[in-house]
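Working notes for the structure below.
Computed from a predicted model, the values in this text were never measured in an experiment.
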Amino acid sequence: MDVFLQIFFDGLVMGAFYSLIALGYTMVYGIIKLLNFAHGDFYMLGAFIGYALLSFITGDGGLNAGLLGIGAVFIITMIIVGLAGIGVERIAYRPLLTAPRLSILITAIGVSLSLEYASMIGWGASYKVYPIKLSKNGLEIIGAQISFAQIGLIVLSALLMLGLRLFIEKTIYGKAMRAIALDQSACSLMGINVYRIISLTFFIGAFLAAGAGIMSGVYYGTINFMMGFIIGLKAFTAAVLGGIGNITGAMIGGLVLGLVESYGTYYLGGSWKDVLAFGILILFLVFKPTGILGAKEMERM
Amino acid sequence: MSILTVKNLKLQFGGLLAVNDLSFTVEKNTISSIIGPNGAGKTSVFNMITGFYRPTSGEIELDGTSLINNKPSQITKLGMARTFQNLRLFPNLSALDNVKSGMHCRTKEAVWGALFHTKSQKEEERLIEEVAQECIDFVGVRKYMKRSAKNLPYGAQRYLEIARALATKPKILLLDEPAAGLNFEEKQYLIQLIRRIRDEFNITVLMIEHDMGLIKEISENITVIDYGCKIAEGTPDEVLKNEKVIEAYLGKEDVI
Amino acid sequence: MKKYKKHSLLLLVIVMFILPLLLDIYWLDVLTLVLFYVVLTQGLNIVVGYTGLLDLGYAAFFAVGAYTTAILMTTFHWSFWLTLPVAALFAAVAGIIVGTPTLRLRSDYLAIVTLGFGEIVRILAINLDITGSSSGIYGIPRPTIGSYVLSSQQDFYYLILIVAIISVLVVYRLGHSRIGRAWVYIREDEDAAEAMGINRIRLKLLSYATGAVIGSLAGSIFAVKMSAIAPLSFSFLQSVMILLAVVLGGLGSIPGVVIGAALVIVLPEVLRGAEDWRYLIFGVALVIMMIFRPQGILPKKYETEDRSDLDEKEETNDKDHSMSV
Amino acid sequence: MRKHSMIALGFVLVLSLFLSACSSKTGSGDNASGDEILVGVLLPVTGNNATDGKDMLNAMKMAVEKINSDGGVLKKKIKLEVADDGCDPQMATTAANKLVSKKVVAIVGGYCSGSTLPASGVFHNANIPMIVAAANSSELPKQGYDTLFLINGLVPDQAQSGADYFKDKGAKNIAIIHDNSAYAKDLADFAKKSVEENGGKTIAFEAINPEEKDFGSLMTKLKSLKPDGTYFTGYYAAGGLMLKQFKQKGVSGSFMVGDGSYSPDIIQIAGSEAANDLLVTATPTANFIPGAEEFVNNYKSKYNLSPGPFSALSYNGMNLLVDALKRADSTDQDKLKKALKETKAFEGIGQVIEFSDKNTLNQSNFHVMKVVGGEFTLEK
């Protein structure tokens with residue numbers, strides 16, 4: 001039982017990362033039906049900019065940054081990466097909004113390559129080490145250990161997701177986003193500045209991914225320029241799992257994927273983990289493309 | 001003798017009943033129409049007949065063969081062709097290539113023939129070219145033959161779609177609002193075209209149309225549906241005098 | 001006119017046959033790689049360019065060919081030439097396996113599913129013993145023709161050159177046939193194609209299978225040329241590079257795709273001095289390309305008549321009937 | 001038909017690019033053989049393994065500088081021609097062919113076994129001797145190439161030294177983890193064999209993905225198996241994270257890594273606290289070699305860096321080549337091969353090189369190192 005529970009916690013931590021990144025995927029997809037391949041790279045960018053800022057303000061890589069300092073770095077990084085998200089949208093995607101799907105997908109791959117290798121040139125190819133050390137202390141729940149860092153991580157991502165939900169449901173911008181997802185041209189007829197809302201969506205997506213990036217840097221301790229690729233694919237899987245375009249679905253999808261991988265690693269072995277993730281993705285796309293929370297689509301032949 | 005029989009057709013989208021217990025027949029070598037207000041379910045009926053939607057229940061027969069559970073491509077092969085309400089040409093391809101698509105189900109050369117340019121393959125290609133050109137001539141768009149479909153004038157695109165459907169050598173041709181967007185002269189030309197299709201090729205025509213003038217002029221038989229149900233049937237004169245029909249249209253369209 | 005075209009193509013082929021005599025071994029190797037890419041891109045061109053199915057896992061078919069040949073030649077001591085049809089058969093089956101569940105998917109879902117399949121094939125190759133797990137398969141014997149053993153750079157250059165010419169020919173002829181036209185109809189408008197009596201399921205599967213067979217052919221030759229294969233050669237990045245070549249050159253355009261293949265291989269070699277910068281340059285170039293010339297370097301022309309020949313530009317009052325995917 | 005003239009034009013352009021490029025290249029190649037001896041270097045200088053690759057290259061450059069300032073060899077200066085293999089088999093063959101086309105006399109290098117394997121075939125076909133300074137998969141000598149000389153100890157030896165250490169410490173239940181790379185899998189397989197021959201038991205044989213960061217559930221699994229020792233055979237990036245999580249989860253027994261993880265980075269990644277008592281099977285770096293102080297100091301002053309794990313071996317490799325060139329008194333490849341083969345007790349930094357009949361080291365130099373207070377120390 002303790003092992004079972006322990007794996008559950010392990011899966012929850014991975015799931016929290018997937019969820020945060022999946023949110024950006026799902027929002028962008030929901031609004032402009034773009035599969036933003038470069039999304040995982042915002043996560044990488046967040047990790048690197050956070051690293052650079054920490055090193056800059058403390059001079060020693062953040063070793064002595066107080067909680068307040070770290071908090072500030074966290075927010076500044078997320079905003080910078082959010083702005084980078086807007087920049088990418090403006091430069092690369094906006095000119096192609098009406099272009100064929102294939103062109104924009106290829107563009108996304110190009111953006112992804114550019115971000116990855118620009119980071120490699122800027123920060124080098126080797127692994128960078130986050131110098132912040134987290135305490136190993138934690139709680140023991142029925143024989144399973146969960147550290148305060150893990151609890152903090154899960155709580156923080158839950159808060160971010162809750163904030164997003166409130167934003168989408170309660171604010172005028174959130175309403176506009178949902179409206180654009182339904183009918184873009186009707187929205188521009190109704191006087192909604194569609195481009196601005198799309199920019200905002202990219203901002204929020206990149207913002208959240210960057211948050212996940214720093215959290216991953218602090219939690220795992222290393223970052224490198226390719227770190228966004230696989231996790232981006234996994235996050236997409238999570239988004240599909242939950243029903244793409246569905247915010248709550250992305251959160252649930254991330255957690256489910258984290259848990260599945262965690263148990264899969266335990267019972268099948270770590271090298272089959274990705275097969276499991278992609279297998280689930282394919283099964284869902286084929287048999288229930290609308291995901292766990294998606295509505296049933298009409299049957300067509 | 002009837003060529004198309006629809007019996008107790010029903011289509012349900014979730015909780016919405018789009019077509020309810022619809023029955024009608026189309027006689028061979030006639031020009032018939034389905035009319036009804038917007039959202040009455042006309043295009044849904046077409047989509048079921050041509051296999052794009054699977055009916056919830058009911059029966060559709062073409063020349064005595066049941067069409068239920070057939071794929072659209074199989075139904076086309078059985079002798080039914082259609083056009084679409086919002087033109088669905090192959091936009092980047094030349095007009096000629098568009099029409100050649102109709103011959104696909106009437107030809108059979110596979111990979112082998114294509115790779116080795118066998119004699120039968122060459123023969124078949126010649127046939128495809130010939131039929132496609134005939135159809136293009138028939139609807140009168142020869143001067144646009146080599147241009148991309150998307151660069152054709154709107155009217156020509158409408159005629160081209162009909163030519164493409166004719167190339168499948170159908171027994172019955174379903175036209176979904178063929179006159180939509182056409183001006184007066186173009187409509188007159190369309191009327192001639194539909195007549196010629198029936199008279200020269202002996203093809204039965206069933207169409208959805210909103211233009212009552214056009215329908216009155218060429219339809220021999222009309223089925224009126226509203227909210228997925230048949231509310232009237234008969235010759236144009238009979239139908240247009242029907243009270244239910246007038247009621248259904250009242251204030252909605254400039255009827256008559 | 002036709003004569004002129006034939007002459008220039010013939011000249012090109014002759015030049016390609018003479019080239020090895022002029023090139024040093026390094027550039028010969030680069031050119032050989034270009035030819036591998038010509039074969040691969042032609043295969044992918046059928047799937048993406050003709051049929052419009054975005055495939056991000058095409059390297060999987062390359063892998064199927066390479067591994068089938070490698071395993072048959074090392075473990076079962078088959079002759080290279082006998083492994084070709086078997087590899088092609090396996091690839092066709094793999095193509096149908098990948099294709100079947102994706103038939104009903106929308107284009108971007110399709111991209112992800114094929115990506116997932118590609119990764120699964122690679123991970124399988126890493127984890128299975130029969131594929132030599134992560135170290136791959138070594139010591140693949142050289143193919144023989146009679147008593148002559150193909151072993152030098154030149155030999156493999158000529159082998160892949162012949163296969164490249166054949167694959168270009170195959171793709172050209174298929175493209176100008178009833179089958180090829182049907183693929184293009186499906187790409188242009190799936191529903192309309194189906195309404196014209198084209199069985200899209202069967203034709204899509206045929207497209208996958210044909211593309212897969214061509215890819216596997218490249219894989220089989222790759223195995224004997226390298227004499228060692230490892231899962232790393234069949235990664236997602238490989239699939240992306242093949243796709244890039246197709247897109248850069250011009251979807252559906254045979255000469256375009258050939259030029260795309262040459263660019264994708266030669267550019268990084270020329271940029272080798274730029275070391276770390278080359279993938280960045282690649283990425284940026286892609287974005288710029290998509291924004292300013294999305295149809296590719298040498299796009300396929302479907303209008304058989306010059307637009308300038310038409311007297312007046314008529315108003316095209318066409319409603320937006322682009323695919324509403 | 002304009003289209004076709006464009007195609008032809010495009011092709012002519014591409015081809016002329018080839019021709020101009022290769023003609024200029026061969027031209028410079030011929031010049032180099034005038035008063036210089038061109039030595040090829042095949043290393044990953046870009047990509048994930050670039051750090052180690054560049055450390056190796058630095059050491060080789062140091063060696064060449066010294067040789068040239070001492071008057072060179074055969075009255076000629078040595079010139080290095082570097083080709084990047086990126087640890088990718090396909091890139092490696094192209095890079096190898098590039099070196100062959102430049103008419104290099106010999107090759108020093110080879111970091112990843114996965115890319116060294118196909119490259120060694122290219123050099124064998126061209127009859128160019130290759131001294132492999134780092135890669136040590138047992139698949140390499142199995143190919144039976146007479147052009148291939150390995151100066152790093154072989155995987156079975158390393159596996160044996162790890163297994164022996166566990167046996168000495170009374171560790172019986174061993175968990176083995178690799179990262180699915182050619183080299184790590186090879187080492188893991190041999191480690192399993194050695195452990196079992198020593199009477200121990202392999203209680204877990206797991207693979208991870210090299211880019212993995214979260215080993216939570218794997219560590220949970222290990223913990224429930226209660227190993228006496230865990231041996232990770234992959235590279236340091238994953239090794240450091242695994243070690244950290246190993247300690248966090250409180251898995252029993254000691255943690256040992258192979259020489260792919262032998263880098264100060266593993267201590268930095270895991271944190272010096274978690275890295276304490278970490279065991280490494282490796283050929284010791286110059287720092288631990290008596291008499292290598294000069295090399296270490298020179299290296300530090302020149303590059304402002306400590307030598308990497310394979311720097312000393314690379315330095316030795318280059319010097320061995322020069323030694324063989326002198327003995328062969330020619331750049332003729334057959335003579336050079338023969339000279340290399342006949343190497344007798346060549347004294348490099350920390351090793352004495354002599355080749356077995358398979359062109360591998362007669363005498364392996366693997367040791368077990370231990371991290372104490374954030375520094376590697378020699379344990380056994």
[X], part contacting chain C, at a heavy-atom distance under 4.5 Å:
X      : result
B:L78  : neither
B:F90  : both
B:E124 : side chain
B:S101 : both

Please give me the minimum heavy-atom distance between [X] and [Y], naming the atom from each residue.
X      : Y      : value
B:S73  : C:N199 : OG-CA, 3.6 Å
B:C105 : C:G197 : CB-O, 3.7 Å
C:D191 : B:F52  : O-CZ, 3.3 Å
B:T76  : C:M196 : CG2-C, 3.7 Å
B:V111 : C:I179 : N-CG1, 4.2 Å

Worksheet item: Looking at B:Q74, B:K108, B:K77, which one has more heavy-atom pairs under 4.5 Å with chain C than the rest?
Response: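 Looking at each option in turn, the highest pair count goes to B:K108.
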Item to complete: Report the option among B:E161, B:Q121, B:E109 that has the most heavy-atom pairs separated by less than 4.5 Å from atoms of chain C.
Response: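 Option with the top pair count is B:E109.
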Practice prompt. Any chance you could measure C:E188, atom CD, to B:N98, atom CG, to the nearest 0.5 Å?
Written response: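 Taking CD in C:E188 and CG in B:N98, the distance rounds to 8.0 Å.
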Fill in: chain B contact via C:L206 - side chain, backbone, both or neither, heavy atoms under 4.5 Å
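Looking at C:L206, just its side chain touches chain B.
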Worksheet item: Given a strict heavy-atom distance threshold of 4.5 Å, which part of C:L203 is in contact with chain B: side chain, backbone, both, or neither?
Response: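 Contact with chain B: side chain only.
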Worksheet item: For B:T107, does its backbone N or O pair with a side-chain atom of C:R178 as donor and acceptor, under 3.5 Å?
Response: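 Between the backbone of B:T107 and the side chain of C:R178 there is a qualifying donor-acceptor contact (under 3.5 Å).
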Worksheet entry | Residues B:E125 and C:R181 bridged, charged N to O under 4.0 Å |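 Judged by the 4.0 Å cut-off on N to carboxylate O distance, B:E125 and C:R181 do form a salt bridge.
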Can you confirm whether more than 12 heavy atoms, excluding those of [X], are under 6.0 Å from its [atom1] atom?
X      : atom1 : answer
B:F24  : CZ    : yes
C:Y172 : OH    : no
C:R202 : CZ    : no

Practice prompt. Find the one option among C:T210, C:I198, C:I201 whose heavy-atom pairs under 4.5 Å with chain B are most numerous.
Written response: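 Result: the option with the highest number of such pairs is C:I198.
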